[in-house]
Amino acid sequence: MARAVLDKTKRGWWKSAVFYELYPRSFQDTTGTGIGDLKGVISRLDYLETLGIDAIWLCPICASPQVDNGYDISDFCAIDPLFGTMQDMETLIAEAKKRGIGILVDLTLNHSSNQHRWFREALKSRDNPFHDYYVWRDGGPDTPPNDMRAGFGGSAWEYVPELGQWYFHQFAPEQPDLNWDNPTLRQELYRVLRFWVDKGVAGFRLDVIDQIAKDPDRKITINGPRLHEFFREMSREALLEEGLVTVGEAWGADTQRAKLYSTPDGSELSMVFQFEHIGLDQQPGKDKWDMAPLSLPRLKDCLRRWQQELHNCGWNSLFFNNHDLPRIVSRWGNDRQYRAKSAKMLATMLYGLQGTPYIYQGEELGMTNIRLELEQYQDLETLNLFRERTAQGYAPEAVMESIWARGRDNARTPMQWTAGENAGFTTGTPWLPVNENYLQINAEAELADPDSVFHYYQRLISLRKTYPVFRDGYFTLLCPEDERIFAYTRDTEQEHLLVVCNFSDEQAAFDLPEEYRDAQVLISNDSQPETRTLRPWEAWMLYR
């Protein structure tokens, strides 16, 4: 299959692109340490080129104590020895570019590691110039400044007796928040961005970037009052190179804010990575661990709003999986008797939408969740959850059920390359157990099977680059209240696309619109579409 290569020097190239999120620790180990590395990524670039992706979002590879798997950075301009050297990184950027693939670096500009030299200096005294790089409040050792909680559990404040002060951390205590109100700190961070631009990266994925304008005195952590001022300054100071793409992770985004983040004039970010649709299968007012069945009408209405309200005035990321989320085929599909078919259905539904799709590694193989014993988990959030919930009186068995369904390590198990030892990931002991189903689900088998999930993704990617309607078409939702069918159209003056998906194990009724009775079938995960019914997990796209 011929692969279209996008010109990444042109503004807006990402609107026709498909990105691939790669978790280096779990992708490919070349040293026998059981931890993936940059040389491993280089060794698999031909595989990614065959898939057809345009850019790699490379999860954190900067120097880090690895308290939060690299999202606690101790040096923004150095490679963690776990993954290799800066020369390896330069080779990766160059080799990917030869294949028409850009590299996006993942940076945490909201916080650093407590081992960063800035924070070590900040601890020396209140008068140290680096002290104001972080967020501090005075107080006694027994009374935090307020009752704010950290994202990984416990207080959001950590006391430093030598200073008689508390520092603020939205995540682990080892991840102190940076003080963006300090202009000197901001310039330091802009120098970091320019460092990586000079290395030749295609852009950045900016972790929890909507939390940089925090005001803990008013308990504001997301969408603070200076947020857009900071975005515009960052863009002016560090991101003006033509073709650079910036992906802003924004858990607190709604459609109105997203229009500002991703305004077409490029004054802030290229696109928003928001999560509203991902929270629709949890109990209202609860966190993600308090699960509820997915309401398909709610999901459809959510995606309708994002599709229609950002049309021609913003840009969205399209995803179901990432390193913080469980495998979608286990979450919203059927990972048993309909694993491959439901994986294809979910991809069909997503890839017909407007936005930039993201494949999370292994998603293109239909990789599934894993069930581990508690002591086998590595994720800090998971371990803290078990400790806190059992202390609150939850039954350990119930907590484990939540972890098996929602834990972040579901997405972090090693990539399944072959049916050989450790799925071809490592010759050593993998840092996290390999899913036992690698004997059936692996890249080698998928590449050999023309009807595989991999080849289905490959075809979807090719379609998105062939037909402008995927980039430009207006979204119209059909049968909004249907509990099984997700159907919509995308339309321009010249092109018309109909996407129909069955989100269930049962046959579902759908009356094919008359104007599509003789339309071209672009792709289907089953036989020729019928005019009135869809088989379990069936999906197709029609074009006229």
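Side-chain atoms are counted along with the backbone in the values below, which use heavy atoms only and exclude waters and symmetry mates. Quick note: residue numbers are just sequence positions, from 1.
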Between Asp29 (side chain) and Thr33 (backbone), is there a donor-acceptor pair under 3.5 Å? yes
Any donor-acceptor pair under 3.5 Å from Thr390 side chain to Arg387 backbone: yes
Got a second to check how far Arg232's CZ is from Ser267's OG, nearest 0.5 Å? 6.5 Å
Is Arg149 salt-bridged to Asp147, cutoff N-O under 4.0 Å? no
Could you give me the CA-CA distance, side-chain angles and deciding distance for Arg126 and Asp138, then say whether salt bridge (Lys or Arg N to Asp or Glu O under 4.0 Å) is met? CA-CA 11 Å; Arg126 297 187 181 203; Asp138 295 340; 3.1 Å; yes
What heavy-atom pair brings Leu38 and Ile61 nearest, and what distance separates the two atoms? CD2-CG2, 4.0 Å
Heavy-atom donor-acceptor pair, Asn435 side chain to Asn369 backbone, under 3.5 Å: yes
Measure from NZ or CZ of Arg25 to the centre of the six-membered ring of Trp431, then state whether that distance is under 6.0 Å and the direction lies within 45° of the axis. yes
Please name all residues satisfying ring-ring contact (aromatic ring centres under 6.0 Å, His included) with Trp332, sequence neighbours left out, ordered by chain then number. Phe320
Give a yes or no on whether the backbone of Gly252 and the side-chain of Asp210 come within a donor-acceptor separation of less than 3.5 Å. yes
Taking the six-membered ring for Trp, are His131 and Trp136 ring centroids under 6.0 Å apart? yes
Output field: ring centroids Tyr20/Tyr358 closer than 6.0 Å: no
Using the ring of each side chain (for Trp, its six-membered ring), is Tyr261 parallel, tilted or perpendicular to Phe231, with breaks at 30° and 60°? perpendicular
Measuring only between side-chain heavy atoms, which start at C-beta, is Leu123 closer than 4.5 Å to Glu162? no
Straight-line distance of Leu325 CG to Ile328 CD1, nearest 0.5 Å: 8.0 Å
Phe76 and His116 aromatic centres sub-6.0 Å: yes
Determine whether the aromatic ring centres of Tyr190 and Phe195 lie less than 6.0 Å apart. no
Are the aromatic ring centres of His323 and Tyr360 under 6.0 angstrom apart? no
Are the side chain of Ser270 and the backbone of Thr246 linked by a donor-acceptor contact shorter than 3.5 Å? yes
Donor-acceptor check, side chain of Ser402 to backbone of Trp289, threshold 3.5 angstrom: yes or no? yes
Take Tyr47 and Glu364 through the side chain to side chain donor-acceptor pair (under 3.5 Å) test and state the conclusion after the steps. CA-CA 12 Å; Tyr47 166 86; Glu364 77 280 10; 2.6 Å; yes
In terms of heavy-atom contacts, does NZ of Lys39 have more than 12 from other residues, nucleotides or ligands at under 6.0 Å? no
Return the orientation label for the Phe119 and Tyr167 ring planes: parallel under 30°, perpendicular over 60°, tilted otherwise. perpendicular
Heavy atoms, side chains only, cut-off 4.5 Å: are Leu92 and Ile103 in contact? yes
Is any side-chain heavy atom of Thr426 less than 4.5 Å from a side-chain heavy atom of Glu421? no
Looking at Ile370, is its backbone amide N or carbonyl O close enough to the side chain of Asn410 to form a donor-acceptor pair, meaning the two atoms are under 3.5 Å apart? yes
Rounded to the nearest 0.5 Å, what's the gap from CG on Leu294 to CG on Leu299? Could you check? 5.5 Å
Less than 4.5 Å apart, any side-chain heavy atom of Gln28 and any of Ile42? no
Might you work through the side-chain contact (heavy atoms from CB on, under 4.5 Å) test for Asp335 and Arg327, ending with a clear yes or no? CA-CA 10 Å; Asp335 64 3; Arg327 295 285 181 180; over 6 Å; no
Check each of Tyr134, Phe230, Tyr133 against Trp180 using the ring-ring contact (aromatic ring centres under 6.0 Å, His included) test, and report the only one that passes. Phe230
Are any side-chain N or O atoms of Asn422 and backbone N or O atoms of Phe425, one a donor and one an acceptor, separated by less than 3.5 Å? no
Is the closest side-chain heavy-atom distance between Asp54 and Ile101 below 4.5 Å? no
Could you walk me through whether Tyr377 and Trp404 satisfy the ring-ring contact (aromatic ring centres under 6.0 Å, His included) test, starting with their C-alpha distance in whole Å, then the side-chain angles of each, then the deciding distance to 0.1 Å, before giving a yes or no? CA-CA 10 Å; Tyr377 285 99; Trp404 291 331; 8.2 Å; no
What do the steps show when you test Arg305 against Asp254 for salt bridge (Lys or Arg N to Asp or Glu O under 4.0 Å), and what is the final call? CA-CA 10 Å; Arg305 282 188 290 102; Asp254 57 21; over 6 Å; no
Does a sphere of radius 6.0 Å around CD in Gln392 hold more than 12 heavy atoms from other residues, nucleotides or ligands, not counting ones at 6.0 Å or beyond? yes
Measuring only between side-chain heavy atoms, which start at C-beta, is Pro60 closer than 4.5 Å to Arg205? no
Can you tell me how far the CD atom of Glu375 sits from the CG atom of Leu383, to the nearest 0.5 Å? 10.5 Å
Evaluate the salt bridge (Lys or Arg N to Asp or Glu O under 4.0 Å) criterion for residues Asp301 and Arg304: first the C-alpha distance (whole Å), next the side-chain angles of each, then the deciding distance (0.1 Å), finally the verdict. CA-CA 5 Å; Asp301 185 62; Arg304 176 198 59 75; 2.9 Å; yes
Partners of Asn316 by side chain to side chain donor-acceptor pair (under 3.5 Å), sequence neighbours excluded? none
Centroid-centroid under 6.0 Å between Trp157 and Phe168 rings: yes
Can you see which heavy atom on Ile441 is nearest to which on Leu365, and at what distance? CG2-O, 3.5 Å
Taking the side chain as every heavy atom from C-beta outward, state whether Tyr159 and Pro161 have any pair of such atoms under 4.5 Å apart. yes
Close side-chain approach of Gln87 to Ile79, heavy-atom, < 4.5 Å: no
Tell me whether Trp315 contacts the main-chain N or O of Leu269 through its side chain, where contact means a donor paired with an acceptor under 3.5 Å. no
So, do Trp13 and Phe19 have ring centers that fall under 6.0 Å from each other? yes
Between Leu22 and Leu48, does the side-chain contact (heavy atoms from CB on, under 4.5 Å) criterion hold? Intermediate values first, please. CA-CA 10 Å; Leu22 192 154; Leu48 296 174; 4.1 Å; yes
Do Glu309 and Thr255 have side-chain N/O donor and acceptor atoms under 3.5 Å apart? yes
Nearest 0.5 Å please: distance from the CD atom of Gln307 over to the CG atom of Leu310. 8.5 Å
To the nearest 0.5 Å, atom CD1 of Ile212 lies from atom CG of Asp207 at 11.5 Å
Start with the C-alpha gap between Arg331 and Asp281, add the side-chain angles, then the distance that decides, and say whether salt bridge (Lys or Arg N to Asp or Glu O under 4.0 Å) holds. CA-CA 9 Å; Arg331 184 177 185 177; Asp281 57 356; 2.8 Å; yes
Keeping His228 on the side-chain end and Glu268 on the backbone end, is there a donor-acceptor pair under 3.5 Å? no
Salt-bridge criterion met for Arg371 and Glu401 (N-O under 4.0 Å): yes
Among Arg389, Lys288, Arg406, find the residue that satisfies the salt bridge (Lys or Arg N to Asp or Glu O under 4.0 Å) test when tested with Glu381. Lys288
Between Arg226 and Asp181, does at least one N-O distance fall below 4.0 Å, as a salt bridge requires? yes
